[in-house]
There are 2 protein chains.
Amino acid sequence: MNDEQLKQILREFDLKVTKVRLCVLDLLLQSRIAMSHSQITDALEAFELDKVTLYRTLNTFVEVGLAHKVATDERNWLYAIYSEDVQQHNHQHEHHESPHAHFICEACDKIYCFPIEEKQIDLKKAELEGFSIKQHEIRLHGTCPVCK
Amino acid sequence: MNDEQLKQILREFDLKVTKVRLCVLDLLLQSRIAMSHSQITDALEAFELDKVTLYRTLNTFVEVGLAHKVATDERNWLYAIYSEDVQQHNHQHEHHESPHAHFICEACDKIYCFPIEEKQIDLKKAELEGFSIKQHEIRLHGTCPVCK
DNA sequence: ACTATAATGCAACTTAGTTGCAATAATTTA
DNA sequence: TAAATTATTGCAACTAAGTTGCATTATAGT
Ligand SMILES: [Mn+2]
Ligand SMILES: [Mn+2]
Ligand SMILES: [Zn+2]
Ligand SMILES: [Zn+2]
């Protein structure tokens with residue numbers, strides 16, 4: 001993706017265009033897997049990103065709905081941009097994650113984002129008991145193609 | 001649940017019976033929601049549990065398959081005992097979580113465990129791509145009956 | 001009761017992320 | 001294009017959650 005396209009995405013989410021945001025956005029858009037703060041730091045070591053600035057950049061992306069984060073069992077967060085979220089935002093201006101699952105590899109701990117069909121889960125029981133469900137998230141555990 | 005029943009559960013999971021384990025087990029069995037380290041500390045303040053001992057107790061419960069833990073978006077863990085896991089263990093001696101979902105209340109951050117039907121998700125796409133799925137976890141986000 | 005082994009409790013440590021604040025860069029306006 | 005406005009950046013210090021090491025104590029089998 002070229003520089004002008006990346007800038008356009010930031011502007012669509014009402015974010016100022018900065019060097020840090022551009023390179024982080026570019027990286028996350030290219031990555032098939034969700035990435036941690038330290039993975040991003042390593043991948044972008046040429047930029048010598050400041051630790052705090054990167055955290056703030058990632059949080060900002062999540063706040064505006066451009067990226068989403070997944071808490072791992074190793075008590076840290078992985079960040080990902082799900083391409084449909086970027087496109088959806090173009091059309092309808094409110095942030096709402098597209099339905100997708102997270103595949104967590106037990107061997108390498110990588111997390112992959114996957115498209116899934118909407119509303120596949122039978123939630124009658126929960127709804128009967130007075131729980132109102134706004135959104136759901138599916139986590140798959142197993143072995144990824146690389147580790148198999 | 002009486003003391004003898006609690007001891008019996010610990011023995012079935014090959015754990016030594018101790019004061020700390022008994023009171024934590026008792027609490028988690030009674031709780032509808034998954035509980036954090038600090039919630040447990042507060043609930044059992046009469047026992048003046050040591051911080052480290054409680055962490056170790058919870059980790060042990062998870063290791064043997066008596067309890068399970070859920071990572072929250074606030075980067076901490078909540079622990080829960082899903083009653084079917086305790087019963088299942090009686091019969092078949094290998095630890096395998098019963099299918100259930102986690103409901104996360106956006107208002108109070110509480111996490112409830114819910115029974116669900118097995119295999120409700122269409123995983124063809126993932127499997128075609130070479131991902132082998134061993135287990136899945138469903139997270140529901142919304143508002144719980146108390147907060148509504 | 002004696003012994004072997006595992007659980008406990010305390011202090012120190014680690015890891016991941018946050019807060020405050022001054023310096024700097026991005027956009028608006030003239 | 002320069003000045004003014006406002007948001008982002010980078011550094012140091014801090015926090016919260018959980019872990020490690022080690023000496024002490026409790027459990028369970030004989
Ligand atoms: Mn995702
Ligand atoms: Mn559960
Ligand atoms: Zn893998
Ligand atoms: Zn609630």
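Not measured: the values here are computed from a predicted model. Residue numbering restarts at 1 for every chain, and letters A, B, ... go by the order of the sequence lines.
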Using whole Å, report how far [atom1] of [X] lies from [atom2] of [N].
X	N	atom1	atom2	value
K7(A)	dA26(C)	NZ	P	10 Å
E63(A)	dT18(C)	CD	P	10 Å
L10(B)	dA6(C)	CG	C1'	14 Å
Q39(B)	dG18(D)	CD	P	12 Å
L58(A)	dT8(D)	CG	C1'	14 Å
E74(B)	dA16(C)	CD	P	18 Å
F47(A)	dT9(D)	CZ	P	13 Å

Worksheet item: If you take all heavy atoms of Q39(A) and S36(A), which pair is closest and at what distance?
Response: OE1-N, 2.9 Å

Discussion item. Can you give me the closest heavy-atom contact between G142(B) and F103(B), atom names plus distance?
Written reply: C-CZ, 3.6 Å

Looking at [X] versus [Y], is the centre-to-centre ring distance below 6.0 Å?
X	Y	value
H102(B)	H136(A)	no
H37(B)	Y55(B)	yes
F131(A)	F114(B)	yes

Discussion item. Heavy atoms only, 4.0 Å cut-off, all strands: where does N76(A) land among base, sugar-phosphate and nothing?
Written reply: sugar-phosphate

Item to complete: Classify the nucleic acid contact of R21(A) as base, sugar-phosphate or nothing, counting any heavy atom under 4.0 Å across all strands shown.
Response: sugar-phosphate

Practice prompt. Would you kindly confirm whether W77(A) and V52(A) end up in one hydrophobic cluster when ILVMFWY residues are joined by side chain heavy atoms under 4.5 Å apart?
Written response: no

Worksheet entry | Side-chain N,O (T53(B)) to OP1/OP2 (dA7(C)) below 4.0 Å | no

Worksheet item: If the sugar-phosphate is the primed atoms plus P, OP1 and OP2 and the base is the rest, what is the B/S/- string for nucleotides 19-30 of chain D, using protein heavy atoms under 4.0 Å?
Response: BBB-----SS--

Discussion item. Using heavy-atom distances to pick each residue's nearest nucleotide on DNA chain D, tell me which of R75(B) and D50(A) is more 5'.
Written reply: D50(A)

Discussion item. Does E45(B) have more than 12 heavy atoms from other residues, nucleotides or ligands lying within 6.0 Å of its CD?
Written reply: no

